[in-house]
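Lettering follows sequence order; numbering is per chain, from 1.
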Amino acid sequence: MSELSEIEHDALTEIANMAVGRSAGVLNEMIGLEVALSVPRVLILDQSNLPEHVGNLQGKELTLIQQGFDGPLSGLASIAFPEHKSLELVRLLLGEEMSLEEVVELEQEALQEMGNVILNSFLGTFGNEFGVNISSEIPKFHKDMDAHSLIGDTGETGVSVIFIHVDFCVRAENIDGYLVLAVSIPTMKNLETLVKSYVEKLG
Amino acid sequence: MDEFEKSTFSSTEISLLLDEIKVGLMLVENDNRIAYANTWFQEACGRTQDALRGATLETVFPMLSSGRLMGAVDEALNAQRSTLLTNKLNKNLFPLRCSSGPEMQQRVTIRPFGAARCLIQIEDVTDTYEREKILKRKRKETETDRAYLDAILQGTAEGIVTIDAQGLIETFNTAAEQIFGYSAPEVVGQNVSILMPLEERGGHDNYLKNSVLHEPRIINNAREITGQRKLGNKFPMELNVSRAELAERVVFIGIIRDITKQKEVERLKTEFVSTVSHELRTPLTSIKGALALLATGAFGGLPEDGMDLIKIAEKNSQRLIVLVNDILDMEKLESGEIEFEMQPLNLSKLISEAVEVNDGFAKQYEVKFNNSPCDGDLTVVGDESRLTQVLANFLSNAAKFSMIGMTIEIYVERYEDAARVMIKDQGPGIPEEFQDSLFDRFTQVDGSDTRKKGGSGLGLNISKLIVEKHGGDIGFSSEVGVGSIFYFTLPTV
């Protein structure tokens, strides 16, 4: 990400912040309870640097929802439910008494749909802010994945990753946990161009 | 190959292909008008292609306006984003029915199709939905059952410990925690021998090895063993083990009762009875002696009525002495205070002598003993006087309860390594309701009979203790109105 100036980097972080905020709004609506999201930790890095940043995801079996996106920006967007705690959100969503094992086992569809809603609103924010259309595909469900699966198997080098860690808390239900979003973008040049013109417009 | 690559399909053929597909397909224009719906979809919604084509989604399916579907169509048409809508999170999907009738559970995907259209794809997931419903219900039932069983397990007053075939503890209930002083997490996964004193551990390991392969001996049969608490102190416990085969493995369920208090009460009771009996025997002996002297007329004659009273008093003091002696005997036998003088004995000779000695009884009750000698010698190892006591008890009982003129048969049944002594009477028989308690203390079939026939009601209990000390068993069979056969079995040499 050396190609981005500090201001441009900040702008990208800010857009990611906004995207998370919008996703939180969508989550609230779906669950019917206030889901508080922390200020996200946003990292923009090269895929080769990902391992040192996945930190507490290391060695975890992740439940992943991934969807491809295309347009001026293309790549793979992932949402990870790293711990059983994260899956509590889905249980809330379903409003059913069920064990978390059952959530993963029986509610893949619900998880997939929830991930789809969050990722679409996330990608939508990027599209809106950059003033471009980012199309998305139907999400896919993967379980028992490791942290490297977050960026998918691009088969390419030089892939950039927007890595976002956000804590959530549903006070009414005394549930807290965290989610991880990763957006991998092989077409870095395009992202740079979009960010630069975004900053120019602001300026 | 080349020809194959060149082959193309006509639009009619493609349309026919789409109509064969078992999912619903619908193309929607950017003004929300339906451009195409395949046969599957037409059938599921009960409308023809003509009724669908050209109409807007919201006019054909007004219910969609309250769900997320229209928003997703909008997003696909205007922002090129794909959306998944499932039956899990959406109430208002298409009003479709399965061909078998019920409302269809759907998985709907909406994605951009070209620049100005979107493709809606509908899958019928009713079967999966029903299967999941059954699965969830079953799971819930299993959970409820488990909670129910756990409540019983934890709520019961008996300690319950389950172990696997290696002797490792799997569960340890609340009562077990209280008995042993360990918490469940402390012992689960440990060998069960930590609940026993060191000297009993080896024995238990062998026992377990045998039990895995065969039905263990103490299954469903309580036995008393020594347990050891966390702090190291030993205590008497009653253990009842059962064996269960669960999903191709063996588990053992031990039910434990701490009998420390019970043992203490028993000890106190025995001590009390023994003390009281001793204290009673001395004055009783002198009363009986004095009465006997009076009865002989050594101190001058008494009026006839007075003499009758003295004789009644003498007879009853004798009965009291017998009772006190029996009680002392029984307590001594139970506490193991009595040493048995074990020696080889000729069983036939033992029986003959006993019959002879008790012949007075037969005369008194006007019955006959008929002793059928057994063929050859039978040797048992035992205490002569104690076994004679058992025989006397059986013979006197038979005499007492037989009717005048009847014969009592005495005979021996031989087995490979045991002999059974049988005493068959023609008495009134033992009613079924008394049969279970016959060998208990102070049992006589009819309370009103006691005075008529005499006896402490301890004879059979004492006999049982004696026979068991010899490694034998004791029992009877009886039919009301026909008679009874009392027997005891002893191992032969």
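In this structure, A/Y198 places its OH atom where more than 12 heavy-atom neighbours from other residues, nucleotides or ligands lie under 6.0 Å away. The neighbour count for B/E103 CD, taken as heavy atoms of other residues, nucleotides or ligands under 6.0 Å away, does not exceed 12. Heavy-atom contacts from other residues, nucleotides or ligands closer than 6.0 Å to CD1 of B/I21 number more than 12. Crowding of A/K140 atom NZ: a count of heavy atoms from other residues, nucleotides or ligands under 6.0 Å not exceeding 12.
Your options are A/G127, A/P139, A/S135, A/A110, and the one with the most heavy-atom pairs under 4.5 Å with chain B is A/S135. Here B/T83 is the residue among B/V125, B/T109, B/T83, B/N90 with the most heavy-atom pairs under 4.5 Å with chain A. Per-residue heavy-atom pair counts under 4.5 Å with chain B were compared for A/Q112, A/Q67, A/M30, and the maximum is reached by A/Q112.
Interatomic distance, CG of B/N87 versus CD of A/E113, reported as 9.0 Å (0.5 Å rounding). Taking CG of B/L84 as the start and CG of A/L111 as the end, the distance is 11.0 Å to the nearest 0.5 Å. Rounding to the nearest 0.5 angstrom, the gap separating the CZ atom in B/R81 from the CG atom in A/L123 is 7.0 Å.
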Just do the side chain to side chain contact (heavy atoms under 4.5 Å, CB included) check on A/I138 and B/Q121 with the steps written out, would you?
CA-CA 11 Å; A/I138 294 295; B/Q121 184 180 320; over 6 Å; no
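A salt bridge links B/R107 to A/E109: at least one charged side-chain nitrogen sits closer than 4.0 Å to a carboxylate oxygen.
For A/L119, no part lies under 4.5 angstrom from a heavy atom of chain B. Both the backbone and the side chain of B/L85 have a heavy atom closer than 4.5 Å to some heavy atom of chain A. Contacts of A/N116 with chain B are made by side-chain atoms alone, with heavy-atom separations under 4.5 Å and no backbone atom involved.
Contact residues of residues 20-29 of chain A toward chain B are absent (heavy-atom distance under 4.5 Å).
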